[in-house]
Amino acid sequence: MKLRGLLAMDFRSGSIDGWSVAQFSQYLDIGEDMNVPDDFTQSEMQSGMWWRHLVAGGVAGAVSRTCTAPLDRLKVYLQVHGNKSTGIQKCLKHMLMEGGWLSLWRGNGINVLKIAPESALKFMAYEQAKRIIRQQSTARDLTIYERFVAGSLAGGFSQTVIYPLEVLKTRLALRKTGEFSSIMDAAKKIYKREGWRAFYKGYIPNLLGIIPYAGIDLAVYETLKNNYLRQHSDGEAPSAMLLLACGTASSTCGQVCSYPLALVRTKLQAQVITNVGSKINTHYTMTSLMRDIIREEGWAGLYRGITPNFMKVAPAVSISYVVYERCRQALGVNMT
């Protein structure tokens, strides 16, 4: 996620007392791909700096996801196999006994590979959506509501195209030792056993999850930004740590509100590989699965696995920040 850093879309002049508010941009990758895409200035688009930002962000995301992959796999495992008697320690012990410490990185390869196509698709769709919206409006800059609509459409489009990779990521993360030899082997076996529909299991809750995530992410960020501007009317530039905190807080709030849909999506994706004797029905729908979770585990069951999800936020943000800084310097991205 590129931290918007008080970007200039809300300032017609593009600066506050001489400080160009569009100059600070930062990628924060916490493994979630439902945030609103990045806005680039006209000069960045014309100079070609936009692709350097995307490349630096992609590298930062790859390193960040790899470093936090054990927590991500633990989250997925808890979402699918967790219950009231299953805690983090028990799940972690089971994973280590079943496949050794290297098994903690299962599914990470495809999670990294899908960064590039998803970012490219989302960026192109977002730019196209903004162009269409601008044709219907006399204002040069998009409002927060227009950005939300454009971002949601872009997210929906990119997720539709890339979704089979999401299913493969879940299946690979939960696979048993020796079940699949590679990503292609997994894709072939799933297709042969279940058909092409298997690659879109959980698609509806995933699509629905984009709306609360992107909307709340934007709303919280805008609220924090406006509060800062009211308290610093002298145009004082925000620090990098403040911008990091704002981006982290907005993304975390988005995750909390969209997490039940993410959990249901993961359970639907993983239906065919649940343990023998599991109560999960292979013909569950989104609503029936959600009803059963609430009946058996209460509302807390919809947040199963959220603890490791939160645990990975701080290291993911920190790693993304450091790697992005190094990459942008290597690519010659001038932030001043």
Side-chain angles (χ1 to χ4, degrees), residues 31-33 61-62 64-83 85-118 159 162-203 205-206 259 261-284 289 293 304-309 311-312 316:
E32 305 295 332
D33 300 310
S64 172
R65 293 186 185 196
T66 299
C67 292
T68 58
L71 288 171
D72 191 62
R73 188 181 180 229
L74 182 58
K75 176 197 72 174
V76 173
Y77 196 91
L78 282 167
Q79 286 178 330
V80 176
H81 300 300
N83 52 54
S85 62
T86 307
I88 293 177
Q89 186 175 358
K90 186 175 180 180
C91 283
L92 184 59
K93 183 178 179 181
H94 173 80
M95 289 191 296
L96 289 172
M97 289 180 63
E98 194 277 330
W101 66 272
L102 282 177
S103 69
L104 299 179
W105 275 265
R106 286 178 181 171
N108 181 63
I110 197 165
N111 197 31
V112 170
L113 286 174
K114 71 185 181 70
I115 292 175
E118 175 142 29
Q159 284 286 298
I162 214 77
Y163 193 75
L165 295 182
E166 291 281 354
V167 175
L168 279 172
K169 177 218 166 187
T170 300
R171 298 292 184 93
L172 288 167
L174 293 170
R175 76 182 187 272
K176 296 178 181 178
T177 300
E179 186 174 359
F180 304 124
S181 61
S182 65
I183 295 173
M184 287 303 300
D185 181 57
K188 289 177 181 178
K189 286 181 177 178
I190 293 170
Y191 177 76
K192 184 177 180 179
R193 183 171 55 196
E194 305 170 57
W196 67 268
R197 290 179 182 273
F199 294 102
Y200 279 90
K201 285 186 175 182
Y203 172 74
N206 182 73
Y259 192 83
L261 288 169
L263 180 138
V264 170
R265 173 203 65 193
T266 304
K267 277 184 171 289
L268 289 172
Q269 289 174 342
Q271 279 179 346
V272 298
I273 58 170
T274 52
N275 291 334
V276 177
S278 171
K279 294 181 180 179
I280 293 183
N281 187 325
T282 56
H283 300 291
Y284 262 133
L289 179 55
I293 292 172
R304 186 75 57 197
I306 199 169
T307 300
N309 201 48
M311 289 171 63
K312 75 176 184 177

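Predicted model, so just to flag it, every value in this text is computed and none were measured.
Side-chain polar atoms of Arg175 and Ser103 form no donor-acceptor pair below 3.5 angstrom. Side chains of Asn206 and Glu166: no donor on one and acceptor on the other come within 3.5 Å.
Ring planes of His81 and Tyr77: tilted class, angle from 30 to 60°.
Paired with Tyr163 under the rule side chain to side chain donor-acceptor pair (under 3.5 Å), one option of Glu118, Gln269, Arg265, Lys201 passes, and it is Gln269. Applying side chain to side chain contact (heavy atoms under 4.5 Å, CB included) to Val76 and the options Leu172, Leu71, Thr170 leaves one that passes, Thr170.
Of all heavy-atom pairs spanning Gly99 and Arg106, the tightest one is CA-NH2, 3.8 Å. Looking at every heavy atom in both residues, Val112 comes nearest to Ala62 through CG1-CB, 3.6 Å. Closest approach of Leu268 and Pro205 over heavy atoms only: CD1-CG, 4.0 Å. Considering every non-hydrogen atom in both Phe180 and Arg171, the closest pair reads CE1-O, 4.2 Å. Across all their heavy atoms, Lys75 and Asn309 have their closest contact at CD-OD1, 3.2 Å. Minimum interatomic distance between Ala69 and Trp105 (heavy atoms only, all atoms of both residues): CB-CD1, 3.5 Å.
A donor-acceptor contact shorter than 3.5 Å links the side chain of Arg65 to the backbone of Asn111. Looking at Tyr259, its side chain does come within 3.5 Å of a backbone N or O of Arg304 through a donor-acceptor pair.
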query = So Lys90 and Leu78, side chain to side chain contact (heavy atoms under 4.5 Å, CB included) or not? Walk me through it.
reply = CA-CA 10 Å; Lys90 186 175 180 180; Leu78 282 167; over 6 Å; no
request  = Take Leu96 and Trp101 through the test side chain to side chain contact (heavy atoms under 4.5 Å, CB included) and record every step on the way to the result.
outcome  = CA-CA 5 Å; Leu96 289 172; Trp101 66 272; 4.1 Å; yes
task = Check the pair Leu263 / Ile306 against side chain to side chain contact (heavy atoms under 4.5 Å, CB included), numbers first and verdict last.
result = CA-CA 9 Å; Leu263 180 138; Ile306 199 169; over 6 Å; no
inquiry  = Show, in sequence, the C-alpha distance, side-chain angles and deciding distance for Gln89 and Leu92, and conclude whether the side chain to side chain contact (heavy atoms under 4.5 Å, CB included) test is met.
reply    = CA-CA 5 Å; Gln89 186 175 358; Leu92 184 59; 5.8 Å; no
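In this structure, Lys312 pairs ionically with Asp72, as a charged nitrogen and a carboxylate oxygen lie closer than 4.0 Å.
Ser182 meets the side-chain contact (heavy atoms from CB on, under 4.5 Å) test with Met184, Asp185; sequence neighbours excluded. Remark: Phe199 engages no residue in a ring pair (Phe, Tyr, Trp, His ring centres under 6.0 Å) (not counting sequence neighbours). A search for side-chain contact (heavy atoms from CB on, under 4.5 Å) contacts involving Trp196 returns Tyr191, not counting sequence neighbours.
Put simply, CG on Leu174 and CE on Met95 are 9.5 Å apart, with the number rounded to the nearest 0.5 Å.
Annotation for Lys189: atom NZ counts as buried by contact number, over 12 foreign heavy atoms lying within 6.0 Å. Within 6.0 Å of the CD atom in Glu98, the count of heavy atoms belonging to other residues, nucleotides or ligands exceeds 12.
Counting only heavy atoms from C-beta outward, the side chains of Leu113 and Leu165 never approach each other to under 4.5 Å. Between Thr86 and His94 there is no side-chain heavy-atom pair separated by less than 4.5 Å. For the pair Leu74 and Leu104, the minimum side-chain heavy-atom distance is 4.5 Å or more. Side-chain contact check for Glu194 versus Gln271: every heavy-atom pair is 4.5 Å or farther apart.
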